[in-house]
2 protein chains.
Amino acid sequence: MEMTSAVASLAALAHEGRLAAFRQLVQAGGAGLAAGELARRLDMLPNTLSTNLGILAQAGLVTSQREGRSIIYRAHYDAMGELLAYLVEDCCAGSPEICAPLAKVASGCCAA
Amino acid sequence: MEMTSAVASLAALAHEGRLAAFRQLVQAGGAGLAAGELARRLDMLPNTLSTNLGILAQAGLVTSQREGRSIIYRAHYDAMGELLAYLVEDCCAGSPEICAPLAKVASGCCAA
DNA sequence: CATATAATTCGACTATTCTAGAAATATGGA
DNA sequence: TCCATATTTCTAGAATAGTCGAATTATATG
């Protein structure tokens, strides 16, 4: 992963509304959620949310797919994983005990 | 972890200079790096870097400690781990195979 | 085809963030 | 004490991001 796209992804997530939307999608799994459903859950104006989903999509963190009148958004787990891996790349100068807290990440998810 | 502090951490990382600085510190491990050494490595003005290190510190992602005339900065692995865990919390609606890419994160680090 | 629903795009305004020069503070040594 | 080094703080201007109303596009249905 390149610096530029990592910054874009982080900037996309560094916003209350977008982070909330993204987490909803992460939790929703493969089924994803329609833009309107997200707007309702997060109590956001549809146009504002749309702009923000666009920013997440451009960063590669979510994908979208039209389904009838709705557009379904889904978290893009691959991109997510690359971003997290980039942040801890070559970490801790070879002293595993120092970065043990990072192990949480795996267990927080389904890897457990 | 709360939304507000997650956003602050992500915003702190969503900047070329700060992300580069943070990654240097992550890779430096427990020894950390002096502010001046970082400025030299990253070719940044010391005052600009100082401002940016302040932002990382306020977000809790790095710690600082004076040592003689220098100030040593270190990555704060705990905070880092909490942030990553927050991003994948309750992910993928119980379908581990969907979020398998996230397993990379652990192996990218010393957990391997 | 007319209408309703779902979502996006446009435009203008406000607010925030970024950078760099200059000045200030802290430490160590002659 | 005086000076050099290391870093931070202050300040102002430039650039960027965020929001919302209004208009637009796409799809489904009577």
Side-chain angles (χ1 to χ4, degrees), chain A residues 3-25 28 31-76, chain B residues 3-25 28 31-76:
Chain A
M3 165 80 80
T4 304
S5 79
V7 169
S9 295
L10 290 163
L13 294 172
H15 178 280
E16 280 219 11
R18 290 194 297 263
L19 182 54
F22 179 74
R23 276 165 42 94
Q24 285 280 328
L25 295 176
L33 287 171
E37 172 61 19
L38 264 175
R40 227 166 297 121
R41 290 196 190 186
L42 303 173
D43 191 30
M44 286 177 162
L45 290 176
N47 59 353
T48 299
L49 177 62
S50 176
T51 298
N52 284 326
L53 286 172
I55 289 169
L56 286 167
Q58 187 145 23
L61 290 167
V62 305
T63 60
S64 64
Q65 182 184 11
R66 181 173 282 279
E67 201 153 299
R69 273 182 288 209
S70 297
I71 293 187
I72 308 296
Y73 282 87
R74 294 186 179 82
H76 189 194
Chain B
M3 165 79 80
T4 305
S5 79
V7 169
S9 296
L10 290 163
L13 293 172
H15 177 280
E16 280 218 10
R18 289 193 297 263
L19 181 55
F22 179 74
R23 276 166 40 94
Q24 285 280 328
L25 294 176
L33 286 172
E37 173 61 20
L38 265 175
R40 228 166 297 122
R41 290 195 190 187
L42 303 172
D43 191 29
M44 286 179 161
L45 290 176
N47 60 351
T48 300
L49 177 62
S50 177
T51 299
N52 284 327
L53 286 172
I55 290 169
L56 287 167
Q58 188 145 22
L61 291 167
V62 305
T63 61
S64 64
Q65 181 184 10
R66 181 172 281 279
E67 202 153 299
R69 270 182 289 208
S70 297
I71 294 188
I72 308 297
Y73 281 87
R74 293 185 180 82
H76 190 195

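Within every chain, numbering begins at 1; the chains are lettered A, B, ... in the order of the sequence lines, protein sequences first and strands thereafter.
If you check every strand for non-hydrogen atoms under 4.0 Å, A:Arg40 touches nothing. Within 4.0 Å of B:Ala11, counting heavy atoms only, lies no atom of the nucleic acid at all. No engagement by A:Ala39 is indicated, since no non-hydrogen atom pair under 4.0 Å with the nucleic acid exists.
The two atoms that bring B:Leu10 and A:Leu10 nearest to each other are CD2-CD2, 3.7 Å, heavy atoms only.
Scanning residues 55-74 of chain B for heavy-atom distances under 4.0 Å to DNA chain C yields B:Arg66, B:Gly68, B:Arg69.
Regarding contacts with the backbone of C:dT16, every side-chain N or O of B:His15 stays at 4.0 angstrom or more from both OP1 and OP2. Between B:Ser50 and D:dT7 there is no side-chain N or O to OP1 or OP2 distance below 4.0 Å. Residue A:Asn52 places at least one side-chain N or O under 4.0 Å from the OP1 or OP2 atom of D:dT19.
Distance A:Leu53 CG to C:dA6 P: 16 Å, rounded to the nearest Å. Rounded to an integer number of Å, the gap from A:Met44 CE to D:dG21 C1' is 17 Å. Protein atom CG of B:Leu49 is 14 Å distant from nucleotide atom P of C:dC18, rounded to whole Å. Atoms CG (B:Asn47) and P (D:dT11) sit 15 Å apart, rounded to a whole Å. The distance between atom CG of B:Leu38 and atom P of D:dT7, rounded to the nearest whole Å, is 9 Å.
Side-chain contact between A:Thr63 and A:Ile72: absent, with no pair of heavy atoms (C-beta onward) separated by less than 4.5 Å. At a threshold of 4.5 Å between non-hydrogen side-chain atoms, the residues A:Gln24 and A:Glu37 do not count as touching. The shortest distance between side-chain heavy atoms of B:Asn52 and B:Thr48 falls below 4.5 Å.
For the salt bridge (Lys or Arg N to Asp or Glu O under 4.0 Å) test, no residue two or more places apart in sequence or in another chain qualifies with B:Arg66.
Between the A:Ser9 side chain and the A:Ser5 main chain, a donor and an acceptor come within less than 3.5 Å of each other.
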